[in-house]
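These notes concern the structure reproduced below.
Throughout, a chain's letter reflects where its sequence line sits, starting with A, and its residues are numbered from 1.
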2 protein chains.
Amino acid sequence: METTQRTDQQRSADRRRRELLEAADRVVLRDGPGASMNAIAAEAGITKPILYRHFGDKGGLYAALAKRHTDALLEALRAALDAPAERRERVEATLDTYLAAIEARPQVYRFLMHPSEGGPQSDQGFDVGTHSTPLLRRMGEELAEVIEERVDLGPASHLLARAWGHGIVGMMHAAGDWWLGERPCSRAELVHALADLLWGRLAAAGDKLGGPAF
Amino acid sequence: METTQRTDQQRSADRRRRELLEAADRVVLRDGPGASMNAIAAEAGITKPILYRHFGDKGGLYAALAKRHTDALLEALRAALDAPAERRERVEATLDTYLAAIEARPQVYRFLMHPSEGGPQSDQGFDVGTHSTPLLRRMGEELAEVIEERVDLGPASHLLARAWGHGIVGMMHAAGDWWLGERPCSRAELVHALADLLWGRLAAAGDKLGGPAF
DNA sequence: GGCTACCGTTACCGCAAGTAACATGTAAGT
DNA sequence: ACTTACATGTTACTTGCGGTAACGGTAGCC
């Protein structure tokens with residue numbers, strides 16, 4: 001029958017697709033996001049047109065590649081976020097999970113967040129904004145849902161939760177990016193600093209003596 | 001003498017440079033960051049090699065272009081940040097300044113933050129990560145300095161201030177990006193929501209009833 | 001054997017970054 | 001006035017990438 005054939009082919013195509021993605025992963029992680037389609041094809045032992053048959057265009061390949069890593073990270077974050085613990089513990093665990101992930105595989109992280117600055121030849125890399133934002137956005141939405149679901153924020157809760165979700169994710173991202181670049185302290189210290197910030201320590205701290213007027 | 005000559009030529013070269021930058025600005029803001037060097041040269045009424053003589057390569061042009069806008073934005077932020085007012089007022093003013101800036105000129109904003117997604121043809125755009133990060137980084141460092149200088153944070157103040165500086169900037173950026181895309185509320189509302197977050201309202205809020213165990 | 005469908009290739013197009021080599025105007029040195 | 005030197009501009013080219021069209025085997029089915 002046709003259906004069984006179709007599924008067989010589908011199966012084989014899916015396997016091939018996974019192989020290609022793994023090859024692409026290797027190349028991108030080695031050569032940076034500037035990796036050319038030719039290079040990826042070569043790594044996979046085939047030639048360009050096949051890549052295009054599977055992924056449409058370079059953006060398609062990028063998207064597929066990014067989705068794999070993104071999904072993995074999001075799953076880890078969800079676990080930390082949904083753990084049955086006190087709020088601050090959960091927040092710290094989530095921050096730590098994120099930072100641990102980008103610390104463990106900075107190549108992947110840089111690929112997802114800052115494509116096109118990989119190798120020495122920073123020619124035209126992958127299409128960045130179009131595909132890197134989604135990770136932050138998804139994380140923000142996810143966090144927003146958890147906040148709205150768990151925290152009592154009164155009437156404007158929906159708006160607040162979403163603003164906070166995106167804001168907190170951005171905070172985590174920017175601080176993590178800075179930390180990964182300079183390594184100014186241990187992971188735990190950064191987690192603590194950020195949690196303190198979220199816990200209102202900025203508002204609670206006193207003015208420094210000798211400051212300007214007032 | 002040679003020196004006077006040099007300065008004269010320098011002057012003329014600088015003027016030319018400024019003209020070229022303005023032309024580049026027009027093109028980039030019109031065609032998106034995918035604008036080709038040819039197009040920019042044409043807009044300026046000259047040809048490619050001249051651009052290369054002035055800016056080295058495309059990254060150089062991008063950097064020069066970004067620096068102009070970045071400097072302008074940073075100056076506005078500094079003003080809001082240094083105003084002689086209470087802390088929360090200053091924070092809100094700074095957030096509002098930033099949001100107002102990206103609201104007023106989204107094209108510029110998108111160019112600085114998310115290059116390479118401009119026009120319908122999202123071919124290879126400018127070199128992104130290499131040059132977009134600096135804005136966030138500079139803002140983070142700037143904010144960190146102000147925090148450390150003004151807020152009494154105890155012994156680990158240097159580290160805390162830097163982590164917070166980058167974190168807060170990241171929060172502002174991510175929330176602003178989301179807000180600019182969806183416009184889910186007024187600017188003032190977002191400012192308020194973010195300031196509330198920084199003021200520890202997340203920690204102070206109660207758990208929602210009917211939540212999971214515990 | 002012939003037909004179709006798939007997997008793969010070579011060879012090409014278009015286009016953009018970046019460069020080399022050449023032309024020209026203009027100011028100073030003699 | 002003639003030459004030298006230099007900045008300014010050009011045309012024409014190379015290289016390399018994304019993307020595609022057209023062709024070539026090789027299985028199964030009739």
Side-chain angles (χ1 to χ4, degrees), chain A residues 1-17 19-20 23-24 27-28 31-63 115-116 118-128 130, chain B residues 1-17 19-20 23-24 27-28 31-63 115-116 118-128 130:
Chain A
M1 281 185 75
E2 201 187 24
T3 57
T4 59
Q5 259 180 302
R6 265 286 168 81
T7 48
D8 274 10
Q9 289 166 193
Q10 199 85 342
R11 229 173 276 261
S12 131
D14 280 11
R15 271 188 45 197
R16 202 86 184 91
R17 189 187 162 92
E19 290 173 20
L20 297 185
V27 176
V28 163
D31 296 355
S36 78
M37 293 297 265
N38 258 326
I40 294 174
E43 169 74 25
I46 45 122
T47 49
K48 265 196 301 180
I50 301 186
L51 283 182
Y52 283 95
R53 283 226 256 268
H54 277 272
F55 299 103
D57 62 353
K58 194 169 188 170
L61 202 172
Y62 178 109
S116 86
Q121 88 300 8
S122 83
D123 39 6
Q124 79 275 31
F126 273 106
D127 202 3
V128 52
T130 325
Chain B
M1 279 185 74
E2 203 188 25
T3 57
T4 61
Q5 260 181 299
R6 265 285 167 80
T7 48
D8 274 9
Q9 289 165 191
Q10 199 86 342
R11 232 173 275 262
S12 131
D14 279 10
R15 272 189 44 196
R16 203 87 184 88
R17 190 188 162 91
E19 290 172 18
L20 297 185
V27 176
V28 163
D31 296 356
S36 79
M37 292 299 264
N38 258 326
I40 294 174
E43 169 75 26
I46 44 124
T47 50
K48 263 194 305 179
I50 302 186
L51 283 181
Y52 283 95
R53 283 227 258 269
H54 276 270
F55 301 103
D57 62 354
K58 192 167 189 171
L61 202 173
Y62 178 107
S116 87
Q121 88 298 13
S122 85
D123 40 6
Q124 78 276 28
F126 272 107
D127 203 2
V128 51
T130 323

Review point. Does any N or O donor sit under 3.5 Å from an N or O acceptor when you compare the side chain of B/Lys58 with the base of C/dG18?
Key: no

- Query: Taking atom types as they are modelled, is there a donor-acceptor pair under 3.5 Å from the base of D/dG9 to the side chain of B/Arg16?
  - Reply: no

Between [N] atom [atom2] and [X] atom [atom1], what is the distance in whole Å?
X: A/Tyr52; N: C/dC12; atom1: OH; atom2: P; answer: 19 Å
X: B/Lys48; N: C/dA21; atom1: NZ; atom2: C1'; answer: 15 Å
X: B/Leu61; N: C/dA16; atom1: CG; atom2: C1'; answer: 15 Å
X: A/Met37; N: C/dG8; atom1: CE; atom2: C1'; answer: 16 Å
X: B/His54; N: C/dG18; atom1: NE2; atom2: C1'; answer: 16 Å
X: B/Asn38; N: C/dG18; atom1: CG; atom2: P; answer: 12 Å
X: B/Asp31; N: C/dA16; atom1: CG; atom2: P; answer: 11 Å
X: B/Arg15; N: D/dA7; atom1: CZ; atom2: C1'; answer: 15 Å

A/Arg53 has its side chain closest, among C/dA17, C/dG8, D/dG18, to C/dG8

Side-chain contact check for A/Pro49: nearest option of D/dA21, D/dG19, C/dA17 is D/dA21

For residues 37-57 of chain A, please give each side-chain donor-acceptor pair under 3.5 Å, one per line with the distance, not counting sequence neighbours.
residue, atom, partner, partner atom, Å
A/Glu43, OE1, A/Arg30, NH2, 3.0
A/Glu43, OE2, A/Arg26, NE, 2.7
A/Glu43, OE2, A/Arg26, NH2, 3.3
A/Asp57, OD1, A/Gly59, N, 3.4
A/Asp57, OD1, A/Gly60, N, 3.0

Which is true for B/Ile50 with a 4.0 Å heavy-atom rule: it touches a base, it touches only sugar-phosphate, or it touches nothing? base

Exercise for the section: Give one of base, sugar-phosphate or nothing for B/Thr47, where a contact means two heavy atoms less than 4.0 Å apart. Expected result: base

